[in-house]
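Working notes, structure below.
Counting starts at 1 for both ligands and their atoms, in listed order.
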Amino acid sequence: MAASASWTLTWKSVQISCLILFIVTIQVRSETLEDDLLFAPGGQLNMKMGQAKPQRFLLYDVNPGEGFNLRRDVYMRIANLVKKLQERDNWVLVLPPWGRLYHWKSRNMQQVRIPWSTFFDVESLNRHVPVVEFEDYMKITGEGAIDEHVYLQSYKEGWTNGKWEERMHERECNDPPTYQKNGEGKYRGWYWGYSEAYARNFRCLSIQGSAGDLAPFLTKNITARSVMIDRAETVLHDTFGRSDYWEARRSLRFAKPLRDIGDEFRRTYLDSSDSKDKTPILDDWREMKPTAGSAKGGPYIAVHLRRQDFARNNRKEVASLPKAATHIKKKLKELKLKKVFVATDAPASEIDQLKVHLKGYEVYNYIPPRTVHDRFMDGGVAIIDQWICAHARYFIGTGQSTFTFRIFEERQLLGFDTKMTYNRFCGDGEPTDCDPPSVWAVVY
Ligand SMILES: Nc1nc2c(ncn2[C@@H]2O[C@H](COP(=O)(O)OP(=O)(O)O)[C@@H](O)[C@H]2O)c(=O)[nH]1
Ligand SMILES: [Mg+2]
């Protein structure tokens, strides 16, 4: 039977929850005492005084089919959930290792169990909410165990009376879970490629709502020390486009080595540097608040041409190469520029075709040297492309691509005028004056 875990708790269940919470808190406390060396100052006395609360860990994962740039958005939702949870308890966000992404097609390398530090500046993340890599989590807790695996799902019966409303109930799983209990009572399944990892408990939670709505559930219904929220893309942003949204986004900085490679490419081929282009980067993102329009950008146009599955599926947002080239040439003339940087997932043959259509102009694309590709893999190369696009005078993206959306945001954070950023190709299935992308101003 599906137990109700809704936020409308009855008085009786409140009483029971309090009792369970009390018992488990004692248990968690005694566990924590052993870990004091790792978990910062504090002993029983301090904890009684409310100074050092036991550390709790929030892990999460996303539907395996989702791409890198939607995952970055889900990170922001979960980071802000942790921010909210921290008002009550000492929660730490455990970063889900990267790997097995559909778009990472290079076959000559193992693209799995990749730590966040390969792609992102973990110190910057830490300035928003406390985070640890999964391998560090295993070291801290001494094993690869996760106390509670909570699998988010929709409501089997759909919306009530065809109306979407916020709600949350513990339910039987809609689909048979791929995580199965073995003879030792451990739930085994895909934990980012770590065979030693497992969950002690598994449950399904039907939810319609935002990430922050999980906070009461995590503080009242669950008292375990570590909880994994699976299919985290199911929950929405608490506040889209407000200051806490942007704080999470600002903290999600690319790793310095990748930014350095992008900067070197800008200097070498695109006559672009931060001082000339008025795109200075401060070490601490919390101090960066450039006024909109202050960034000039390098003397080149950058475009993101999303092809591959977008083109194969005949999405109406996809422009043919000749149509994209016509758009690029028009803008180059208008802005009196000669150089265009092309970020794309297209095969080399399509890039060559585009170059033919852009004859008379200088067309650049980033081809990683072997050493860079081996170290940073497909994910890192894509970030270098995004970084170069973020610094162009003018940008044109692909409609509905989260890869493009993340470039829009990056440019907003550098201080570009929105007119120089929020542009996209009109697809072959759209009119030539297709709707421009929606503009999101940064809120500081
Ligand atoms: N290097 C590089 N990779 C790209 C480019 N466009 C797409 N990709 C790859 O394809 C993936 C697209 O998936 P995703 O991040 O979900 O973005 P979306 O599908 O466009 O919304 C990216 O994460 C990259 O791995 C590009 O311009 N350059
Ligand atoms: Mg995608």
Side-chain angles (χ1 to χ4, degrees), residues 61-77 96 98-107 109 111-112 114 116 118-120 231-233 249 252 254-255 258-259 261-262 265-266 300-319 321 324 328 340-355 363-370 372-392 395-411 423-425 427 437-438:
D61 203 8
V62 177
N63 183 18
E66 301 294 351
F68 189 79
N69 287 289
L70 178 96
R71 285 165 187 270
R72 288 174 63 190
D73 191 68
V74 176
Y75 168 80
M76 290 163 58
R77 304 176 209 176
W98 294 96
R100 264 199 178 177
L101 293 196
Y102 165 77
H103 298 97
W104 292 353
K105 298 236 164 80
S106 297
R107 287 280 163 252
M109 52 184 72
Q111 307 198 60
V112 72
I114 305 169
W116 277 58
T118 305
F119 302 138
F120 297 100
R231 296 298 304 264
E233 78 285 356
R249 180 61 183 83
L252 192 55
F254 293 135
L258 293 171
R259 288 186 268 144
I261 296 168
F265 187 93
R266 288 167 55 207
Y300 61 100
I301 283 180
V303 303
H304 174 228
L305 269 183
R306 183 73 165 81
R307 306 287 298 170
Q308 298 278 359
D309 40 321
F310 268 44
R312 275 198 305 276
N313 299 339
N314 288 319
R315 292 175 69 136
K316 70 171 176 18
E317 299 85 15
V318 173
L321 298 175
I328 294 168
V340 53
F341 176 79
V342 180
T344 183
D345 54 347
S349 59
E350 287 186 1
I351 300 175
D352 289 343
Q353 279 177 46
L354 186 73
K355 284 182 178 166
V363 184
Y364 295 88
N365 60 308
Y366 179 72
I367 300 166
R370 183 71 196 272
V372 170
H373 201 184
D374 282 350
R375 180 166 165 209
F376 297 105
M377 299 161 281
D378 294 344
V381 173
I383 286 172
I384 295 167
D385 267 348
Q386 286 183 313
W387 189 245
I388 301 169
C389 286
H391 288 81
F395 175 67
I396 311 169
T398 299
Q400 299 304 321
S401 161
T402 54
F403 189 104
T404 281
F405 295 162
R406 299 293 92 83
I407 296 170
F408 288 161
E409 294 157 5
E410 204 70 44
R411 291 175 61 85
N423 311 292
R424 69 173 183 101
F425 293 106
S438 339

*With under 30° as parallel and over 60° as perpendicular, where do the rings of W98 and F119 fit, or are they tilted in between?*
perpendicular
*State the atoms of ligand 1, each with its element, that fall below the 4.0 Å cut-off from a heavy-atom position in H103.*
10 (O), 11 (C), 12 (C), 13 (O), 25 (O)
*Number the atoms of ligand 1 from 1 as they appear, then name those within less than 4.0 Å of a heavy atom of G67, with their elements.*
16 (O)
*How does F310 reach ligand 1, if at all, at less than 4.0 Å between non-hydrogen atoms: by side chain, backbone, both, or neither?*
side chain
*What residue and heavy atom of the protein are closest to atom 27 (O) of ligand 1, and at what distance?*
T344 N, 2.8 Å
*Tell me, which protein residue and heavy-atom name are nearest atom 12 (C) of ligand 1, and how many Å apart are they?*
R306 NH2, 3.5 Å
*asked:* To the closest 0.5 Å, what do you measure between CG (L101) and CG (D378)?
replied: 9.5 Å
*asked:* Between ligand 1 and F405, can you find any atom pair, the residue atom being a heavy atom, that is separated by under 4.0 Å?
replied: no
*In terms of residue, atom name and distance, what is the protein heavy atom nearest to atom 8 (N) of ligand 1?*
D345 CB, 3.7 Å
*Specify whether F68 and W104 have parallel, tilted or perpendicular ring planes, treating 30° as the upper limit for parallel and 60° as the lower limit for perpendicular.*
tilted
*For atom 6 (N) of ligand 1, grab the closest protein heavy atom and report residue, atom and distance to one decimal in Å.*
H304 NE2, 2.9 Å
*At what distance is the nearest protein heavy atom to atom 4 (C) of ligand 1, and which residue and atom is it?*
F403 CE1, 3.6 Å
*Could you state the interatomic distance from NZ (K355) to CG (L321), rounded to the nearest 0.5 Å?*
13.0 Å
_I want to confirm something. Looking only at heavy atoms, which of A343, G380, A382 is nearest to atom 24 (C) of ligand 1?_
A382
*Looking only at protein heavy atoms, identify the closest one to atom 15 (O) of ligand 1 and say how far it is in Å.*
N69 ND2, 2.8 Å
_Those atoms of ligand 1 less than 4.0 Å from some heavy atom in W104_ = 25 (O)
*Do ligand 1 and T402 have nitrogen or oxygen atoms that lie under 3.5 Å from each other?*
yes
*Any N/O of Q400 closer than 3.5 Å to an N/O of ligand 1?*
no
*Heavy atom under 4.0 Å from ligand 1: found in E66's side chain, backbone, both, or neither?*
neither
*Do NZ/NE/NH1/NH2 and the carboxylate oxygens of E410 and R249 come within less than 4.0 Å?*
yes
*Got more than 12 heavy atoms from elsewhere within 6.0 Å of CZ, R312?*
yes
*Answer yes if the ring centres of Y75 and F120 are under 6.0 angstrom apart, and no otherwise.*
no
*D385: heavy atom below 4.0 Å from ligand 1, yes or no?*
yes
*Can you measure from CG (N365) to OG1 (T344) and round to the nearest 0.5 angstrom?*
8.5 Å
*Using a strict cut-off of less than 4.0 Å between a Lys/Arg side-chain nitrogen and an Asp/Glu carboxylate oxygen, indicate whether R231 and E233 qualify as a salt bridge.*
yes
*Protein contact to atom 23 (O) of ligand 1 [nearest heavy atom, distance to 0.1 Å]*: F68 CB, 3.4 Å
*So with a 6.0 Å cut-off around CZ of R307, is the heavy-atom count from everything else above 12?*
yes
*asked:* Within this structure, what is the CG-NE2 distance for the pair D385 and H304, rounded to the nearest 0.5 Å?
replied: 8.0 Å
